[in-house]
Amino acid sequence: MKGAATIVALASGRPPAAIAVVRISGPLAWAAVGSLISAEMPEPRRLSLRRLVDPADGSLLDRAMVVVFPGPATATGEDLAELHLHGGSAVISGVLGALLSMDGIRLAEPGEFTRRAFVNNRLDLAQVEGVADLVAAETSAQRRQALALTGGALSRAADAWRSRCLDVLADAEAALDFAEDEADVADRLQVVARARLRGLVDEIDALVADASRGARIRDGLTIAVTGPPNVGKSSIVNALSLRNAAIVSPFAGTTRDPIEVPVDLGGVAATLIDTAGLRETEDVVEAEGIRRARARASAADLVMHVSDGTCSTSPDAGLVVVNKSDLGALAPAAAILVSATRGDGMETLRSWLVEWAKSTVRPGESVLLSHARHREAFVAAGAALAEAADTDDAVLRAESLRHAASAFGQIAGRVGVDDVLDRIFSRFCIGK
Ligand code: GDP
């Protein structure tokens, strides 16, 4: 079993940095720290200054803050240690090298610390997904949603639904035991059970209907920027993105405008897809990127049509922007008039987009389902509950209720999730 090895990794970002944190988890975590420090072991859970010495030759590796945590009440459920080093490459490689030369210690795989937390019941699967979201969160709405998931909000809700299913199941099974002459009692129980089940189905339907809002907070809204050439689409995208966006492509000697530009709309993540960048190309990699951007643009949450006042507007557009006001462009009443180069009207445009983003995803209101996996489990549970409500057959009802309970159980990941584990943990970086 993997848990037997002691694992080590750099948990902080790319050096050089002020501080680098090396994590060690497993049965040898404390022994490993002990063999690097010349003084006594620090008290558990107390950050203590220690000299770290290479056991191979006695040379000084760093003066560092060291902390050890006794398992199982730790992030991984195992003995754990952290070394807060000076964040230089040579310090980090010296310390990692010394640790990895010890028997029974190896470099951690991506996500392995979190995987151990899952295996040791410190986190359930929905919480693990929340941790991955939290590390990836770029906006305040994403952070809030990820924190709720990590904190177990969805797991608790799924558990509550699961036990409600099991309550109805217990009654359904009791009804199976009624003798023939008690048929009227069984009938009355049927009616009650059916009403309870319909109530559950309605609640789940409402949650599933709200799931796209959660997915949009997590993945970001998409805004397709359309319009004829040269009206200033790229200039507007650049101005909104708050960074001058010409990115260097991975291919030597070329610079191209980005097609998808991330923006933060008042705490809501969004991506502007600049359709000016969607051109024909011979390059296979770029062509694939363009194919995806085109697909995303056609499914965009908002079409922002840009003109310079000389051309017609687009009837499909959710927002019409007329650019080049400095050249005397005039806008119809519903349009926003801007000058991308001078900045006139750009604040009005930004505020319009922020209001639109907020009203679309309502970031302050919590949403339970943000992952496709969670949505699928709730859809399956809802379908099973609807079956249970519709049938008159007590045996079939019990069977459907068991299906529903097991679908809710998949949220926490204790049953039937072996095939998704690798996919979920592959989202993590090494050291997490
Ligand atoms: P796109 O083809 O729609 O993406 O247009 P670009 O953003 O590449 O802009 C086309 C040209 O219009 C460039 O030369 C820009 O400098 C210019 N341009 C963009 N916005 C404005 C503006 O507000 N006023 C003026 N005068 N020129 C602009």
Side-chain angles (χ1 to χ4, degrees), residues 138 219-266 268-357 360:
E138 289 181 338
D219 303 332
L221 294 161
T222 48
I223 302 172
V225 185
T226 63
N230 271 325
V231 292
K233 295 184 294 298
S234 303
S235 309
I236 289 175
V237 167
N238 275 351
L240 286 172
S241 78
L242 301 176
R243 68 177 161 85
N244 225 343
I247 52 162
V248 180
S249 88
F251 311 104
T254 60
T255 306
R256 63 180 167 86
D257 289 333
I259 301 169
E260 302 201 4
V261 178
V263 286
D264 182 334
L265 296 176
V268 177
T271 303
L272 295 169
I273 303 176
D274 182 359
T275 58
L278 301 181
R279 58 189 166 211
E280 296 309 319
T281 170
E282 301 282 301
D283 185 300
V284 230
V285 178
E286 194 185 344
E288 176 57 21
I290 287 174
R291 192 191 62 73
R292 284 192 206 157
R294 223 177 234 135
R296 275 160 59 74
S298 65
D301 297 301
L302 175 71
V303 173
M304 173 167 128
H305 185 86
V306 182
S307 83
D308 60 4
T310 61
C311 41
S312 64
T313 61
S314 159
D316 306 334
L319 169 65
V320 175
V321 176
V322 175
N323 188 31
K324 307 198 184 181
S325 64
D326 55 308
L327 297 183
L330 294 175
I336 297 178
L337 182 63
V338 302
S339 166
T341 46
R342 280 222 317 232
D344 307 347
M346 289 305 290
E347 261 324 295
T348 311
L349 174 58
R350 173 173 285 279
S351 312
W352 190 97
L353 290 171
V354 166
E355 281 315 308
W356 165 79
T360 307

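All ligand and atom numbering here is 1-based and tracks the order in the structure.
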> Should Thr226 and Lys233 be marked as a side chain to side chain contact (heavy atoms under 4.5 Å, CB included) after you check the CA-CA gap, both sets of side-chain angles, and the distance that decides it?
Replying inline: CA-CA 7 Å; Thr226 63; Lys233 295 184 294 298; 5.6 Å; no
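- At a 4.0 Å heavy-atom cut-off, ligand 1 touches Val231 through backbone and side chain alike.
- The ligand atoms of ligand 1 that sit less than 4.0 angstrom from a heavy atom of Leu327 are 26 (N).
- Between Leu349 and Ile236 there is a side-chain heavy-atom pair separated by less than 4.5 Å.
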>> If you apply the rule side chain to side chain contact (heavy atoms under 4.5 Å, CB included), what do you find for Leu319 with Leu353, and how did you get there?
In response: CA-CA 9 Å; Leu319 169 65; Leu353 290 171; 4.0 Å; yes
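- Atom numbering of ligand 1 starts at 1 in the shown order; those under 4.0 Å from a heavy atom of Asp326 are 22 (C), 23 (O), 24 (N), 25 (C), 26 (N).
- Residue Ser234 has at least one heavy-atom neighbour below 4.0 Å for each of these atoms of ligand 1: 1 (P), 4 (O), 7 (O).
- Considering both main-chain and side-chain atoms, Val338 never comes within under 3.5 Å of ligand 1 through any nitrogen or oxygen pair.
- Put simply, the side chain of Asn323 gets close to the backbone of Ala340: a donor and an acceptor are under 3.5 Å apart.
- Using a distance-only test at 3.5 Å, with no hydrogens or angles considered, no donor-acceptor pair links the side chain of Lys324 to the main chain of Gly232.
- Of the listed residues (Thr341, Asp274, Asn238), the one carrying the non-hydrogen atom nearest atom 25 (C) of ligand 1 is Thr341.
- Between Met304 and Val321, the closest side-chain pair of non-hydrogen atoms falls below 4.5 Å.
- Note: no N/O pair closer than 3.5 Å links Arg342 and ligand 1 by distance alone.
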